[in-house]
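One structure below.
Protein chains get the first letters and strands the later ones, always in sequence-line order, with residue 1 at the start of each.
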Amino acid sequence: MNSKCVTLLSLTAMLLASVIALPASAADVINLRMTALAGNSGVGTKAAIDAWNKANPDIQVNVEVQSDETTWQATAPTTMFASSDGPDLSWWWCSPAFQYKNMIAANMLVALDDLYKDGMYPQGTVNYFTEPNGHKYGVNTDVVWTPYVYYNKEIFAKLGLEPPKTWDELYAVSDKVRAAGYQPMATLYDYGMVNHLPDAIMMRSWTEDEYNALMVNWSPDAPADTLKYKWTDPDGVRIFAKLKEMVDKGFTADGFAGFTDPEVPKSLFISGKAAMFQDGSWSSGGALSKAAKFDLGYFYYPPIQEKRYGPVGSWVPNCFIAFADRPNVEAAKKVIAFLSSKDGAIAYAKASGLTIGRKDIPADIIKSLMSPLTAQVVQDVADQGAPPLFESQVPPEILTELKQSVGDVLTGGATPEQAAERMQEAYERARQGG
Amino acid sequence: MPTEHGHDAPTPAATATHAVARPGRWEAIRQNLHWYAFLAPAFLLLVLFMAYPLYRSFDLSLYRWKGLLPRRFVGLDNFVRLFDDRYFWGALNHTLVFAIAATIGTVGLGLLLALAISRRVPGHSVYRFAFYLPVMLPMTVTAALWVRIYEANYGLLNSALRAIGLGALAQPWLGSVDLSLGSIITVSIWQYCGFPMIVLLAAIEGISEEVHEAATLDGVTEWGRIRMIIVPLIWPVLVSMTVIQLIFSLKVFDLVWVMTKGGPAESSAVLGTYLYRKAFEQQQYGYASAVAVAMFAIIFTVTYLYYRLVQAGGREN
């Protein structure tokens, strides 16, 4: 047998072996698709999944990061999630406004009850994720709080300003900032101005009882004793009046209503053209603090009445979910079990800079993962508390009505009284199932 | 009877014979089967992606549906709600304003540019390319670019106005309820006037030189040449461009969505953005379908009426 013949036979044997071996190895590996939002949470999810993939060659997860937040959150449940060839698991906002409740009602999600262990999450988080049927369909990834007013310490120092403690001081700060040629506070219109800012004012204008009642009394199942509280009460009207006052007194940057691209207000602040920037806690340890070439500080909006119900609101719906109508549900649950484990949570938090939602991770580890600013934010919440955000509790039609009413008030299209009446009408429609 | 193309034109007798021998409908179809084969892919695509979704939209508009759970039949309730919905009427009003202003601006400016370039002004080929360039840009890129140009504090437009001493004219272009829609319309005209320009230019250049020479000999002024020669001769093209632009503008979505998302305070919301918000942000798919059906009816009616009106005008001319 000449050498050519030997080579040919060897090659043929190798080819045959690879053809036979390939399907066997491919059949052993389960490949899962996962979707996640771009930004901090996407970075965190990818890092945690990388750790999983390294340790689990038999179940490999491919994370598809969705770049366009607005479109994805609006369309994914009825398109890619509802499709039988959609992802196996996902990072998601588990709140009514993002179809979480509807996905549960449509049996699209897998119950993840067995991933919850005693003492793993704060009771508030457990309560949030426990559905009326007793099951839990999402596992919390992190907690964020909003709104914070980040400020440029250099500009404040140059102008001799201190973070304001009262509304008069707040307006005095914005006057001085304007006089020095800077814009005062920049924020995204669609979220910051007509969503997070009203959240903050609600916590300051309503009492705790009012806040808790108006968080739920849009529902047909609302407890009867909550119905006595209305948007049209003076404390409700005051929310809109205060928002209007903030605009009228020049606290918001010129053209604030045109900030529909998140990069515009952020770049105004980062470039030192605006002295303040309103955003959530995610900016304390994320891209904002990395991009800013100056020292960042933050403060809270001042109280309106003697007792405010927390300086900021908390958002716990960030979670992992697994889809029921998929061939590898058990594998997806195993992945989520890892992501929600201490190791998974730490990998997620380390990469994302977000705050771990679990409560059983030692404080020194948590602190080592955070920026000093985030550590301070967490400490504040521990000291002062943070009620659930209005937007995490209400259905989309209520949230939309709020945004539209606030927008009308801020731009002079409605009075605070008219806006409050519209909110009350929206509540009554929702209660009647409309 | 030879024609200019060299074929014999049919004689009256031949026409009569042809009429007698005219095949039945099925026979005609059979004889033209190969042409129907050519039409079939386009027809199928139309049925699949236009007729069927349209039917489904109408069907869905009769239900209340959140997108995932079973839907509930509500008859014409969604359409009744439309009549009481001030945001719908606002969006409809903005859509019509956008369509009329953008059509007049785009086709009007396109015609002026085409007329100027057709006179072979120095550098005309550069102008032709430069004015057409924005048409080739993706809409979202254009929109994102103009968001930054319009930015109230440090955007290019306001900075330029301030730099030349016209700071008093600086405005929050996209942040004002009075200016946002107009600012978007301006971008639309800027981006798309190059398209009618290029089409109308081709039509103008198709006019025989002899006609122009005769007009010159008769001492026709430039204005007279435009009014009495160019516009009547390119009238069918002008009408087509106007109708195309009108339909295109009535369907506007992406430009508005990227630039303002319909804000502030719904001041630039159009039917497209309103529909999107209702369906995907508020999960009111039945109601959004009612908006879609209304939008279709409005676009169809406006376009049809306009087309008939212009046709009647053309016949009178």
Side-chain angles (χ1 to χ4, degrees), chain A residues 70-79 81-82 96-99 101-108 182-183 186 189-190 193-194 252-261 263-265 267-268 271 273-274 395-401 403-414 433-434, chain B residues 64-70 72 74 77 81 86-87 90 140 143-148 150-155 157-158 170-180 183-184 256-269 273-274 276-285 287-288:
Chain A
T70 316
T71 307
W72 189 53
Q73 71 190 27
T75 59
T78 51
T79 54
F81 293 172
F98 301 116
Q99 297 259 39
K101 300 280 182 188
N102 292 339
M103 286 195 284
I104 292 170
N107 297 318
M108 283 169 62
Y182 301 102
Q183 286 297 316
Y189 178 77
D190 217 25
M193 279 307 294
V194 299
T252 48
D254 293 343
F256 71 90
F259 296 163
T260 49
D261 180 334
E263 292 308 315
V264 171
S267 62
L268 279 177
S271 63
K273 288 164 181 156
E397 58 269 25
I398 297 287
L399 199 56
T400 300
E401 188 65 53
K403 288 180 176 183
Q404 286 176 334
S405 300
V406 172
D408 282 346
V409 170
L410 296 185
T411 53
Chain B
R64 189 159 294 175
W65 189 44
K66 289 196 164 189
L68 293 171
L69 300 166
R72 182 161 60 90
V74 292
D77 188 45
R81 278 174 63 201
R86 63 196 180 89
Y87 292 115
T140 45
L145 180 78
W146 276 89
V147 165
R148 280 149 182 82
Y150 277 142
E151 199 280 313
N153 301 289
Y154 301 95
L157 180 56
N158 280 355
Q171 298 289 333
W173 303 103
L174 298 178
S176 156
V177 289
D178 300 321
L179 297 172
S180 57
S183 302
I184 299 170
V256 178
W257 188 252
V258 176
M259 291 186 74
T260 62
K261 289 192 163 60
E266 308 294 319
S267 61
S268 61
T273 59
Y274 184 69
Y276 181 89
R277 280 195 187 276
K278 281 286 166 196
F280 297 111
E281 289 189 355
Q282 298 165 39
Q283 298 141 24
Q284 296 181 21
Y285 288 88
Y287 190 71

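- For B/Tyr154, there are no side-chain hydrogen bond (donor to acceptor under 3.5 Å, both in side chains) partners at least two apart in sequence or on another chain.
- Residue A/Met103 touches chain B through both its backbone and its side chain, counting heavy-atom pairs closer than 4.5 Å.
- The heavy-atom pair separating A/Ala257 from B/Pro264 by the smallest distance is CB-CB, 3.4 Å.
- Of all non-hydrogen atoms in B/Tyr276 and A/Ala74, the two that sit nearest each other are OH-CB, 3.9 Å.
- Counting only distance, with no hydrogens or angles, the side chain of A/Asp261 and the backbone of B/Met259 share no donor-acceptor pair below 3.5 Å.
- Neither the backbone nor the side chain of A/Ala414 comes within less than 4.5 Å of any heavy atom in chain B.
- With a threshold of 4.5 angstrom between heavy atoms, A/Ala82 approaches chain B through side-chain atoms but not through N, CA, C or O.
- Once rounded to the nearest 0.5 Å, the distance linking CH2 of B/Trp257 with OG1 of A/Thr260 reads 10.0 Å.
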#### Entry: Steps toward side chain to side chain contact (heavy atoms under 4.5 Å, CB included) verdict (B/Lys261, A/Asp190)
CA-CA 9 Å; B/Lys261 289 192 163 60; A/Asp190 217 25; 3.9 Å; yes
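- Heavy-atom distances place no part of B/Tyr150 under 4.5 Å from chain A, backbone and side chain included.
- Residues A/Thr411 and B/Val177 come closest through the heavy atom pair CB-CG1, 3.6 Å.
- In this structure, the portions of A/Asn102 lying under 4.5 Å from any heavy atom of chain B include both its backbone and its side chain.
- Heavy-atom distances place no part of A/Phe256 under 4.5 Å from chain B, backbone and side chain included.
- Contact tally against chain B (heavy-atom pairs below 4.5 Å) for A/Gln99, A/Met108, A/Gln183, A/Met193: the top residue is A/Gln99.
- Only the side chain of A/Leu268 comes within contact range of chain B, with at least one heavy atom under 4.5 Å from a heavy atom of that chain.
- When all heavy atoms of A/Gly255 and B/Ala152 are compared, the pair lying nearest together is CA-CB, 3.9 Å.
- Listed for the B/Glu281 side chain is no donor-acceptor partner under 3.5 Å among the backbone atoms of A/Gln73.
- Contact annotation for B/Glu266: only side-chain heavy atoms (C-beta onward) come within less than 4.5 Å of a heavy atom of chain A.
- When side chains are defined from C-beta on, A/Thr78 counts as touching B/Leu68, because their heavy atoms get closer than 4.5 Å.
- Here the closest non-hydrogen pair linking A/Ala106 and B/Leu69 is N-CD2, 3.5 Å.
- Residue contact with chain B, scored on non-hydrogen atoms closer than 4.5 Å, involves the side chain of A/Thr400 exclusively.
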### Message
Show, in sequence, the C-alpha distance, side-chain angles and deciding distance for B/Gln283 and A/Glu397, and conclude whether the side chain to side chain contact (heavy atoms under 4.5 Å, CB included) test is met.
### Response
CA-CA 8 Å; B/Gln283 298 141 24; A/Glu397 58 269 25; over 6 Å; no
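- A/Asp408 CG to B/Ser267 OG: the interatomic distance, rounded to the nearest 0.5 Å, is 9.5 Å.
- Interface remark: A/Pro96 contributes backbone atoms only to the contact with chain B (heavy atom separation under 4.5 Å).
- Each of B/Ser183, B/Ala144, B/Ala265, B/Pro172 has some count of heavy-atom pairs under 4.5 Å with chain A, and the biggest count is that of B/Ala265.
- The side-chain heavy atoms of A/Phe259 and B/Val147, taken from C-beta on, include no pair separated by under 4.5 Å.
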